[in-house]
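For the single chain, residues carry numbers from 1 onward in sequence order.
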Amino acid sequence: MQKIKNLAYLLVVTLLLTSCGEYQKVLNKGTVEEQYKMATKMYEAQKYNKAIRLFEKIVPSYRGKPQMERIQYMVAQSNFNVKNYSLAGYYFERFSKNYPKSSKSEEAAFLSALGYYKAAPRFSLDPTDTNKALEKFQAFIDAYPNSDKIDEANKYYAELRYKLEKKAFEIAKTYYRTAETYPRNYRAAIVAFDNLLSDYLGTSFKEEALYYRLKAAHDFVLKSTERRKAERIKEAIKAYDKLKRNFPESKFMEDSNKMLTALQKEQEQLVKS
């Protein structure tokens, strides 16, 4: 029994060594046709990194040829499967553009967006892939409204949009938090909250953004010179009115009413002086 196990082990090792030796031989000295066949073999065996190395070598030779459609798809899928998500998104995007009539064009369009989605970092980091994923999911939703992937695409789109909204909101809040030390950041916070509210209509951060915009405008008044106060008081009161108009029952209303009272007192003092 032990001899049979040893023979089986030796057979497996021999097959693996032969396979590796064959792969290296084709990779280094094989013809383009042999490399194409080996790349396909590696792809079908789910040895995607090996497949990618071969595809990289043969792509220039197959440009403009019928095989290129299949090669480009396998390159994209291989990168996706080894978690090179940003690169996979790019390759699937190219496939969709190059082969719009392909039977795999819809799948490629979705996977392009999904690749960028999976590459997108947490909200506080570089949003390049997040923006790209949003763009690609929107394009997919527009192009394939009846796709069986439409619900999934809409879900991912909503997640990505929330991520960008949160990033914009946190940036605006950071300006506000640092404004006591750097007073010019009050203006930066006001602008940042305004941008959030105009760029993301219906954002889930709207109530809180309007409140913090009011706080920034209110605090900016208190830090202002007499010459600039009148104009800034009017701006702050407009911010209060907008919060109350949109959220009359806001949880921030009590504090906002206190700020309004303080602003009105500042306004009265200016008139007296």
Side-chain angles (χ1 to χ4, degrees), residues 12 16 19-24 26-28 30 35-63 67-100 102-144 147-167 170:
V12 170
L16 286 172
S19 175
C20 289
E22 182 188 2
Y23 171 80
Q24 287 298 331
V26 172
L27 177 67
N28 296 322
Q35 289 173 342
Y36 172 68
K37 288 179 182 178
M38 180 61 73
T40 303
K41 180 180 177 181
M42 293 295 104
Y43 175 82
E44 291 173 349
Q46 299 182 8
K47 296 177 180 178
Y48 300 113
N49 281 314
K50 287 186 173 182
I52 288 169
R53 289 183 68 191
L54 284 161
F55 284 132
E56 287 173 349
K57 296 194 74 168
I58 67 173
V59 161
S61 299
Y62 280 98
R63 284 200 179 99
Q67 296 95 327
M68 192 59 192
E69 180 178 341
R70 188 182 181 205
I71 289 171
Q72 199 165 2
Y73 181 86
M74 288 191 289
V75 168
Q77 188 68 64
S78 294
N79 277 284
F80 190 92
N81 289 339
V82 298
K83 300 183 180 181
N84 293 335
Y85 291 124
S86 188
L87 201 55
Y90 168 74
Y91 281 129
F92 276 122
E93 180 182 354
R94 283 183 60 190
F95 180 91
S96 295
K97 288 178 180 177
N98 292 339
Y99 305 102
S102 169
S103 61
K104 292 184 176 293
S105 61
E106 178 181 331
E107 181 186 2
F110 179 79
L111 288 174
S112 173
L114 187 60
Y116 287 121
Y117 167 85
K118 286 182 174 291
R122 62 192 295 270
F123 77 89
S124 61
L125 301 177
D126 184 356
T128 301
D129 283 321
T130 303
N131 285 320
K132 196 73 175 175
L134 264 177
E135 175 192 331
K136 293 305 167 188
F137 274 123
Q138 186 62 67
F140 178 83
I141 291 164
D142 292 342
Y144 303 102
S147 171
D148 59 1
K149 293 285 188 182
I150 201 69
D151 289 342
E152 196 174 352
N154 279 317
K155 178 178 77 76
Y156 287 137
Y157 183 89
E159 285 181 25
L160 291 162
R161 183 179 168 87
Y162 177 82
K163 184 184 289 189
L164 290 180
E165 288 175 19
K166 185 171 179 61
K167 182 179 179 67
E170 292 299 333

Problem set entry | Cationic tip of Lys104 above Phe95 ring, under 6.0 Å, 45° of axis | no
Exercise. Hey, mind stepping through Glu22 and Lys50 against salt bridge (charged side-chain N to carboxylate O under 4.0 Å, His left out) and telling me if it holds?
Worked result: CA-CA 12 Å; Glu22 182 188 2; Lys50 287 186 173 182; over 6 Å; no
Problem set entry | Gap separating the NZ atom of Lys41 from the CD atom of Gln35, nearest 0.5 angstrom | 14.5 Å
Exercise. Which class fits the ring pair Tyr156 and Phe110: parallel under 30°, tilted 30 to 60°, perpendicular over 60°?
Worked result: tilted
Exercise. Would a 4.5 Å heavy-atom cut-off, applied to side chains only, mark Asn98 and Met68 as touching?
Worked result: no
For this session: List the steps and the verdict of side-chain contact (heavy atoms from CB on, under 4.5 Å) for Tyr90 and Lys132.
Result: CA-CA 10 Å; Tyr90 168 74; Lys132 196 73 175 175; over 6 Å; no
Exercise. Is NZ or CZ of Lys136 both nearer than 6.0 Å to the six-membered ring centre of Tyr116 and within 45° of the ring axis?
Worked result: no
Exercise. Which pair of heavy atoms, one from Pro127 and one from Leu164, lies closest together, and at what distance?
Worked result: CB-CD2, 3.8 Å
Exercise. What residue among Phe80, Tyr99, Tyr43, Phe92 forms ring pair (Phe, Tyr, Trp, His ring centres under 6.0 Å) with Tyr73?
Worked result: Phe92
Problem set entry | Closest non-hydrogen atom pair, Ala113 against Ala133 | O-CB, 3.8 Å
Exercise. Has Lys37 got more than 12 heavy atoms of other residues, nucleotides or ligands less than 6.0 Å from its NZ?
Worked result: no
For this session: Kindly give the heavy-atom pair with the smallest separation between Leu114 and Phe137, and that separation in Å.
Result: N-CZ, 3.8 Å
Problem set entry | Spacing of Ser112 atom OG and Tyr117 atom OH [to the nearest 0.5 Å] | 15.0 Å
Exercise. How many angstroms lie between atom CD of Gln46 and atom OG of Ser78, to the nearest 0.5 angstrom?
Worked result: 10.5 Å
Exercise. Atom CD of Glu106 and atom OG of Ser96: how far apart are they, to the nearest 0.5 Å?
Worked result: 10.0 Å
Exercise. Can you tell me how far NZ of Lys149 sits from CG of Asn154, rounded to the nearest 0.5 angstrom?
Worked result: 13.5 Å
For this session: Could you please spell out the steps behind the side-chain contact (heavy atoms from CB on, under 4.5 Å) verdict for Tyr144 and Ser105?
Result: CA-CA 10 Å; Tyr144 303 102; Ser105 61; 3.6 Å; yes
Exercise. Can the ring centres of Tyr36 and Phe55 be said to be less than 6.0 Å apart?
Worked result: no
Exercise. With distance as the sole test, does Tyr62 use its side chain to make a donor-acceptor pair with the main-chain N or O of Ile71 at under 3.5 Å?
Worked result: no
Exercise. Yes or no on side-chain contact (heavy atoms from CB on, under 4.5 Å) for Asn49 and Met42, after CA distance, side-chain angles and deciding distance?
Worked result: CA-CA 9 Å; Asn49 281 314; Met42 293 295 104; over 6 Å; no
For this session: Begin with the C-alpha distance, continue with both residues' side-chain angles, and end with the deciding distance and a verdict on side-chain hydrogen bond (donor to acceptor under 3.5 Å, both in side chains) for Asp142 and Gln138.
Result: CA-CA 6 Å; Asp142 292 342; Gln138 186 62 67; 3.0 Å; yes
For this session: Could you check if a side-chain atom of Lys155 sits within less than 4.5 angstrom of a side-chain atom of Glu159, using non-hydrogen atoms only?
Result: yes
Problem set entry | Test log, rule side-chain contact (heavy atoms from CB on, under 4.5 Å), inputs Tyr91 and Gln77 | CA-CA 9 Å; Tyr91 281 129; Gln77 188 68 64; over 6 Å; no
Exercise. To the nearest 0.5 Å, what is the distance between CE (Met38) and CG (Leu27)?
Worked result: 9.5 Å
